[in-house]
Structures are given as C-alpha cells and as structure tokens.
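Remarks on the structure that follows.
If you're wondering where the values come from, they're calculated on a predicted model, not measured in any experiment.
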Amino acid sequence: MIWNEHHECMDRQPLAELQGERLRNMVERIYLRVPFYRNKLQEMGIEPGDIRSIDDLKTLPFTTKQDLRDNYPFGLFAVPQQDVVRFHASSGTTGKSTVVGYTHNDIQMWSEVVARSLTMAGVTKHDIIQVAYGYGLFTGGLGLHYGAEKVGASVIPISGGNTKKQLQLLEDFGSTAIACTPSYAAYLGEAIMEEKLDRSKIKLKAGIFGAEPWTEEMRAQIQQLLGLKAYDIYGLSEVIGPGVSMECGVQHGMHVFEDHFIPEIIDPETGEVLPYGELGELVFTTVTKEALPLLRYRTRDLTRLHVERCDCGRTLVRMEKCVGRSDDMLIIRGVNVFPSQVESVLLEMSETRPHYLLVVERENNLDTLEIQVEVEDQFFSDEVKELEGLRKRISGNLASLLGLHASVRLVEPGTIERSQGKAQRVVDKRKLK
C-alpha cells in the first residue's frame, strides 16, 4: 500500500526539479526572515539568486544543534510568533533545549509524512494503534498520533510507561499496531511472558519503533516476543519529529520523504558530500517547513543512502539503519565503539537478554570499558565455572568485532535499569572527572 503515490513514486528527474524549486524558495525565505542565515550567507558571498537547482545545495552552509542552542529559544524561526501553533523541545540534557515550532501547515505536512509511514507498515483505518511514545515536549507521541488520525486508524494515546495498563489495553482493546521505542517494545514482550498473559489475546500485527538505534538482532527478538512485524521509523525533532523516513514492507532501508527533506551524506570531518552507498554523516535540508526551516542540518547520525528503485515501487532514496552517531561514538584507546555493535553480538547469543550497559572510565590515564550484560534466568547458574565460560565467550566475540578487549560483567535478570523512553546504554565517567 502507498499513501501518496504521486510523490512517493515520482521519477528522479521531476523530483530533483521539485526539490530545486522548493530549495530556491526556502533559501529566499530564510535570507529575508532569519538574520542568522542572512549573516551566514553574506559571509560566504551567497545571495538567494545564486541558487538555481538542487546541485547548488552543496555550496550552502551547514546548521548544527549548537546553532539552535545559541539562538535559543526562537532565533531561527522564520515566522512571527502568532503563526506558530505548537512548540516542542528536546530535554536539554547536554545543554540548552533545542526548541522547534510548527505552523498550521507544518502540522499538516507532519501528519502527511507520518500517514505515509504508517501506510508502509500496513496500518489502515481498520486498525487500532497504541501510541506508547511520550506525549508532551517530546515529538514522538503527538507526531504518531496526528498521522494515525490522518490515516483514519483508531488511536489509543496512552503515552510511555504504565506497563500494566499497556498490557491491559493490548488485551482489552485488541490493539493491532503499537508505536514506541524498540527497547520498550522488548520490555513489553518480557512483561507479557512474566505476567503469563494469554498470547492469543494479543492481536498486534505491526510495530513502529524508533527514537533510538536498534539492530536486526533486536528486531528478531521483538518480533518473536510480540508476534508482530517490526518496522523502523526515523526522525528527529529539529527536522520534523518521527516521519522523516520509514521502512516499507521490503525492509531494505528507510525511505526518506525527499519532497520535504533533502538528504545528503557528508564526511563528518571535512564536510565533503559523499556519493550514494558510502558511510557518512546524514544531513537534512527542510524545504517545506515554515516555522523552523533548517539548511543542511547536521544530524550526527552515521548511515548510507541508496538511490535504486525499491521493490515496493517507491523511488524515494533509502537510508540504512544508523550505525551510531559521530558525536556519541565512544573512542576507547583509539578504537571507535558504538553501542549497536555490542548489541549485535549479545543478541546473537541465546544466554543473554537485550539489556546491557557500557561503563567507560579512565584509570591512570588509560581508558577502560566495562560491559554489563544481563543473563537469562536459566543460564544464570550458581556454577562459577559455567558463568566464567559464558563471560569468556562473550568477551571473545566482542573483541573479535570491536578489535578491543573489554571487561565483561554478567549480572542477574532485571539488574540493569529499564527505560520507558530512550534506553540509556552508556555511562561515560570520563566526562565527570
């Protein structure tokens, strides 16, 4: 099923022409209405008339999260306050919040791309979707909510947490789709087993999971636990929220809605644009947003783009699952480590649960990495010899993948704190010293 066949299946040349037209209009708007961008463009000797096609995008300046913080709260807005109908904001855990605003048209566009996304997962007006993303300043809950209503599905706006109520509604309301973080989906699956619920009463057929990195191994585990097909959705509040890209049924990458968000892959060190298929940092230009249009926004997410037509019929470029972030990548004794790499090793092993924690410290000027891993009940034996054998096997598998020896500590089930939002995978104590 395709929600908007005209834009999702458009030939590449007409799409490039549409992008070029929208880019020209967007650059003119931000030049006239946003002093930050006008100053940047003037410093580079660029005027709106210099932008003639999508090929000129690479000549324009980047925008970073720090730019949003430096212009907190509304300095990058391109419309007056009376035209902003909603605000969202990040948690601001690493500094000032990044504030995003939406006009009425922005909300309509957001609903449109989420409707496209949900349709890719097979969600229709005949479905009941349980939205277990957080509502409020976080974009996840309301983003999925409005898109689901546009599709015509029945929405349960339960938000995150309250696991017992989540399970009750899955049974009583017969939810056929659920939207939440993948780590919370795994947690719900565990809770179903622990509560010994009747699996025949769980009617889920599709899960829309995002807001944090997850692996193919975790996908398989969630599908087994919840008995559904798990789809990856990508978004970030600065660009729009959830619905920037989404997996179709083929699941060979997430289709980017390029008529609204123009993607690039750059070398994170040099800023050079890389060709399709190469790994680099994902950059977006939002060519239709009114309140907060962003020019070449550096997401810090590392991925690849593929332009070949998908078997589903869509021509939109596909992005691979993000392998990590260029700014939260751990560097341990010169080795780059992403939590998703650790997860892929652990979920290949039947003895471990999908809950782990990376603890980084610095001792005598040397970085150390400890990986705490939860072990399944039946394997958490009192036999020290058996546990030591398991620990060595995990350590060896991790060393083979990472090229780095880490200390592995096995912990009992339920030891590592569960998250009902984004999972906390890393504790970097080097930053605290």
Side-chain angles (χ1 to χ4, degrees), residues 163 167 180-197 199 202 204 207 209 212-230 232 251 321-324 330 332 335-361 368-428:
T163 300
L167 299 180
C180 60
T181 61
S183 56
Y184 190 55
Y187 181 58
L188 284 174
E190 288 181 341
I192 288 173
M193 292 172 49
E194 290 168 2
E195 296 288 333
K196 295 182 173 56
L197 299 183
R199 288 289 298 273
I202 305 297
L204 290 173
F209 306 128
E212 63 187 16
W214 54 305
T215 60
E216 289 301 317
E217 291 81 7
M218 178 168 268
R219 186 205 298 271
Q221 188 152 31
I222 291 171
Q223 290 183 155
Q224 190 276 324
L225 286 169
L226 293 176
L228 48 66
K229 186 168 182 177
D232 202 351
Q251 296 191 320
K321 273 182 174 290
C322 297
V323 299
L330 292 171
I332 311 295
V335 178
N336 297 342
V337 177
F338 293 107
S340 58
Q341 293 174 302
V342 175
E343 180 175 291
S344 67
V345 170
L346 298 179
L347 288 178
E348 286 177 351
M349 307 181 70
S350 61
E351 300 93 338
T352 59
R353 288 188 166 197
H355 303 290
Y356 60 94
L357 188 67
L358 280 63
V359 181
V360 188
E361 295 192 84
T368 64
L369 173 62
E370 179 188 82
I371 302 175
Q372 299 176 13
V373 183
E374 278 193 13
V375 179
E376 290 285 2
D377 283 293
Q378 63 268 38
F379 297 107
F380 201 85
S381 167
D382 289 333
E383 293 291 330
V384 175
K385 184 177 180 181
E386 290 184 20
L387 281 177
E388 180 60 14
L390 175 59
R391 189 194 66 77
K392 286 183 176 179
R393 192 148 52 86
I394 295 172
S395 182
N397 291 348
L398 287 168
S400 177
L401 176 66
L402 302 177
L404 173 77
H405 286 281
S407 170
V408 174
R409 181 156 71 94
L410 306 181
V411 299
E412 294 183 48
T415 301
I416 294 173
E417 184 177 354
R418 302 297 193 260
S419 170
Q420 296 178 349
K422 288 190 180 184
Q424 180 66 38
R425 301 298 195 194
V426 178
V427 175
D428 193 343

Test side-chain contact (heavy atoms from CB on, under 4.5 Å) on Leu369 and Leu358; report intermediate values, then the result.
CA-CA 7 Å; Leu369 173 62; Leu358 280 63; 4.0 Å; yes

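- Of all heavy-atom pairs between Thr352 and Leu346, the closest is OG1-O, 2.5 Å.
- Taking the side chain as every heavy atom from C-beta outward, Trp214 and Pro354 never approach each other to under 4.5 Å.
- You'll find the side chain of Ile192 stays beyond 4.5 Å of the side chain of Leu225, heavy atoms only.
- Of all the heavy atoms in Phe209 and Thr181, the pair that sits closest is CD2-O, 4.3 Å.
- In plain terms, the two heavy atoms of Thr163 and Ala191 that are nearest each other are CG2-CB, 4.0 Å.
- For the pair Leu167/Leu188, a side-chain contact is recorded, criterion being any heavy-atom separation below 4.5 Å from C-beta on.
- Ala406 and Ile371 get closest at one heavy-atom pair: CB-CD1, 3.9 Å.
- The backbone N or O of Thr215 lies less than 3.5 Å from a partner atom in the side chain of Glu343, making a donor-acceptor pair.
- The one candidate from Glu190, Glu374, Gln372 that meets the side chain to side chain donor-acceptor pair (under 3.5 Å) condition with His355 is Glu190.
- Among the candidates Thr368, Leu402, Val360, the single residue satisfying the side chain to side chain contact (heavy atoms under 4.5 Å, CB included) test with Ile332 is Val360.
- A side-chain donor-acceptor contact under 3.5 Å links Ser340 to the backbone of Val323.
- With sequence neighbours excluded, the residues that form a side chain to side chain contact (heavy atoms under 4.5 Å, CB included) with Glu376 are Arg353, Gln378, Phe379.
- Distance alone, capped at 3.5 Å, places no donor-acceptor pair between the Ser395 side chain and the Val408 backbone.
- Partners of Glu216 according to the side chain to side chain donor-acceptor pair (under 3.5 Å) rule, which considers only residues two or more places apart in sequence or in another chain, are Arg219.
- Under a cut-off of 6.0 angstrom, the local environment of CD in Glu417 is sparse, with at most 12 non-hydrogen atoms contributed by other residues, nucleotides or ligands.
- Heavy atoms only, all atoms of each residue included: Ala230 and Gln223 are closest at N-OE1, 3.0 Å.
- Between the side chain of Glu212 and the main chain of Ser183, a donor-acceptor pair closer than 3.5 Å is present.
- Shortest non-hydrogen contact noted between Ile222 and Pro182 is CD1-O, 3.4 Å.
- Not a single donor-acceptor pair under 3.5 Å links the side chain of Arg199 to the backbone N or O of Leu197.
- Put simply, the side chain of Gln424 gets close to the backbone of Val426: a donor and an acceptor are under 3.5 Å apart.
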